[in-house]
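Read the structure below first, then the notes.
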Amino acid sequence: MVPLVARRVLITVPLVVVVSFLVFLMIDLVPGDPAVKLAGENASAERIEAIREQLHLADPLLTRYLTWLGGSVTGDLGRSFVTNQEVGGLLWTALGATASLVLVTAVLMVVIGLVLGITAAVNHGRAADRIVVALCSVLVATPSFWLALLLVVFFAVDYAIFPAIGFVPLTEDPARWLYHLVLPGLALSARPSAELTLQLRAALTEVLQRDFVTAASARGLTRAQIVGKHALKNAAVPAVTVLGFRLAEIIGGAVVIETVFSLPGLGPLMVQSVLGGDVPVILGIVVLTMLWVALFNLLTDLSYLYLNPKART
Amino acid sequence: MTGTATPAAARTTPEPAAQSHRVSTMRRFLSDRMAVAAVVYLVLLILAAVFAPVLAPADPIAQDLAKRLTPPDGTYLLGTDDLGRDQLSRLLYGARVSLLAALEAVAVGVVVGVPLGALAGYVGGRVDTVIGRVMDSIMSIPGIMLALTAVAVLGRDITIAMMAIGVVLVPQFQRLVRASTQALRNETFVEASRTIGCSRSRILLRHILPNVLPVLVVQMSVMLGVAVTAEASLSFLGVGVQPPAPSWGSMLNNAVANTFTAPYLIYPPGLAITLTVLALALVGDGLRKATSIRRRSGEGR
Amino acid sequence: MTEPAVRTASVSDAAQHTLLDVRGLEKSFVRSRNFFGRATAHHAAVRDVSFSLAKGETLALVGESGAGKSTVGRLVLRLIEPDAGSVVFDGTDVSTLDRRDLVRFRRRTQMIFQDPYGSLDPRIDVGTSVGEPLLIHDKLPRAERDRRAEELLDKVGLSRRTAAAHPSELSGGQLQRVAIARALALEPDLIVCDEPVAALDVSVRAQVLNLMTDLQEELGLSYLFISHDLALVEVIADRVAVMRQGEIVEIGPAEQLYSAPRHEYTRELLAAVPVPVPPSLRTGRVARA
């Protein structure tokens, strides 16, 4: 376990340092006045001047970078150019919505993956199996944000069952929190759920064809019992791996889905910051994203270790 | 090429001829109906993109505010958007933009990833370790995030965004080529190439890379799908293809503002993306199956 | 480990000329590494191996798998670098060769491998593979290479039309003939044969061995013949070196080693030969089919 943690730290820390430095370097290397560039089109002269000042563009590159790095290590990520709020606070608020979305997505992934995966494996080769496989192949190819739009048109516009936009914090009202997250969660979980389903189906089908399963059914166990008792345990390792890695990279997909549903998460914050040249916020989100990915990759590695004792060396 | 090796001397045993593996690979691919359908779709799509100026009924960026948000009818087969632009024309021109953008990203991935993979796989040791660590690092940055950051710093431009996506694709190609190269490096024919005096570069270019090509083509197909989705996502977010240029993603960006009044706008571009990604995956699948059954066919010793 | 230069009836006076002289060869491989990629355990594959090989002679290296025979073969051709010891080929220490001289060395030495299905690039047609050495060393034009490739295929008893075939279309025996043709392309002095017939059917073995001995007589080749099969070695080798755990335990003329083995291990190996070698084969050369 210690080497795994050490390995992740050894990858993540240099990565954060290098990527954030590259951002500073790029700002410097872009031809023209970085302040004008960052301010975007039609920016006022005061705004350009404000950016120039806040980025300390008069200082040398390394000084600027080390100042930022020193601040971030102590938890001070600076202030937003646009709203002048503390970046740390902005990120913390946004992370609440994003984490909520990912939590709902993760639950949906497991439920959909298990239901469809088991259905397909138990009906191996029959119509149900083929329908599940075809559905998953299509879902894997469908862009999540388009699926989100389809869900909005169907459930919010045509039938008005679920809200198309908005977010209620969990602490405020758990029921409405979930109510607002159903559609975004479905959209975001579709693709990874499909992958998980196919993974589980393959693993379960393989396990169900092994000798001990035949022996178990000879002892009079029903298929459901066999799946529950033996097969799932054997299929768990690859499934958990898929789940973990998908949750690590889902932060990218969440950006787009949050924008569709106007969830106040990291996605809209990132897009607004990109459009407004809000470098401190962008840097903060980039660092947070890398930490997120590292954390979920680490959790995946650890759960693999836990589920597969043979891997403990 | 019928490979009949008629013995010249009596001491050679006559042995059965086999079909050329190129021919049989092709035959296996053609027997996969889904893959063939996918190829047909992709060919039609490319033709549509190339001949968009001929095929499109209208100028894709010409606005006609009098006809804004016209649902599909006889004149506007797919309707018009909130600026009165013909959606069919935008879809056809959008295919160009979307496919070219995807190609850019995959090109970056291949051009950087393949040599790094061949190098790491063939040389091994410390070089491999260092390249591997860098690839691990790149893989822990979501492509969308990298593209957004690049656009923020370097300017709002689809090429910049797709270059960033290309960077994220590099490890996908590097890992594949590395693994294949490592496997091939231990093949006898590579050692045999050394004994006849082949240089390292000749072994890599003439003997290893051509044998990596089949898996590489499969990977390119799948990664093109990833890149098409990435372009659509970025343009949808408004940081990819910039208005008024049409791309499938930017069309959806435009459609989302009119979800309630003109839901018909969201179907064609989304369907085009989904079908294209699906087709690329199916072609990749078909190629994988057709090329994986190969070699070691000579049982008749 | 010196012994008098041995001559058998079939070897000409050229045998007196030493082509290859190997002294004190050592090689070990890394068995395990730690987290940082540093080697933590080694395995000695070749220990203090010395022998010499005369022009036109066949020396067999025999032993069980893992005895280090193949490693010796690769060390001789400098496909891998030795930890210690020297390989002197025609008066030149192979380890001192620079890149250019190494290429020159490569044209005089060749190797034939055990796996006929794997020793040719599957994507390249047979003619091109056979002609490739001529491109690398002599920069011959395509047409000339193709012509030479067909001649070589003819020489090893294959149809000239085989040149257009891909490896996957040929049998093991045919592929091994192609490998021999390719090895002959540059008219080398030494061919290291690593279990060249072990993967072939018994019926095809004799044909390939016959071809090899015929070519040896015609071209004055020297063979370093690596095999685990003592019965096979007896019919092709002038001298035999028995290897165990990386060391040569006994080396001597074939007849002497088979009739009066000196080392215990050689006796064990001989006792394990499943079928007694037929008297007709004991005379020295392969019986003509």
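Here is how names work: the chains are called A, B, and so on, in the same order as the sequence lines, proteins then strands, and each is numbered from 1.
When all heavy atoms are compared, the tightest approach of B/Gly238 to A/Leu275 is O-CD2, 4.2 Å.
When heavy atoms are compared at a cutoff of 4.5 Å, A/Val256 approaches chain B by way of both its backbone and its side chain. Heavy-atom distances place the side chain of A/Val19, and not its backbone, under 4.5 Å from chain B. For B/Ala232, the parts lying near chain A are the backbone and the side chain together; criterion is any non-hydrogen pair under 4.5 Å. The contact between B/Ile141 and chain A is made entirely by side chain atoms (from C-beta outward), counting heavy-atom distances below 4.5 Å. Both the backbone and the side chain of A/Ile27 come within contact range of chain B, each with at least one heavy atom under 4.5 Å from a heavy atom of that chain. For B/Leu271, the parts lying under 4.5 angstrom from a heavy atom of chain A are both the backbone and the side chain. The parts of A/Val274 that come within reach of chain B are both its backbone and its side chain, each placing non-hydrogen atoms under 4.5 angstrom from that chain. Only the side chain of A/Met270 has a heavy atom closer than 4.5 Å to any heavy atom of chain B.
Annotation: B/Met34, atom CE; neighbour count of heavy atoms from other residues, nucleotides and ligands within 6.0 Å does not exceed 12. Summarising the local packing, CE of B/Met220 is surrounded by 12 or fewer heavy atoms from other residues, nucleotides or ligands at distances under 6.0 Å.
Ranked by non-hydrogen atom pairs under 4.5 Å with chain A, the options B/Val256, B/Ile273, B/Thr149 are led by B/Thr149. Listed options B/Thr229, B/Leu237, B/Leu146, B/Ile144 were ranked by heavy-atom pairs under 4.5 angstrom with chain A; first place goes to B/Leu237.
For the atom pair CG (A/Leu266) and CE (B/Met145), the distance works out to 6.0 Å, reported to the nearest 0.5 Å. Here B/Leu148 contributes atom CG and A/Ser273 contributes atom OG; the two are 10.0 Å apart, rounded to the nearest 0.5 Å. Of the inter-residue distances, the one linking A/Ile11 atom CD1 with B/Ser140 atom OG reads 7.0 Å to the nearest 0.5 angstrom. In this structure, A/Leu10 CG and B/Arg133 CZ are separated by 7.5 Å, a value rounded to the nearest 0.5 Å.
Heavy-atom neighbours of chain B within the stretch residues 142-152 of chain A, taken at a separation under 4.5 angstrom, comprise A/Thr142, A/Pro143, A/Phe145, A/Trp146, A/Leu149, A/Leu150, A/Val152.
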So A/Arg7 and B/Asp136, salt bridge (Lys or Arg N to Asp or Glu O under 4.0 Å) or not? Walk me through it.
-> CA-CA 11 Å; A/Arg7 203 182 125 84; B/Asp136 277 354; 3.4 Å; yes

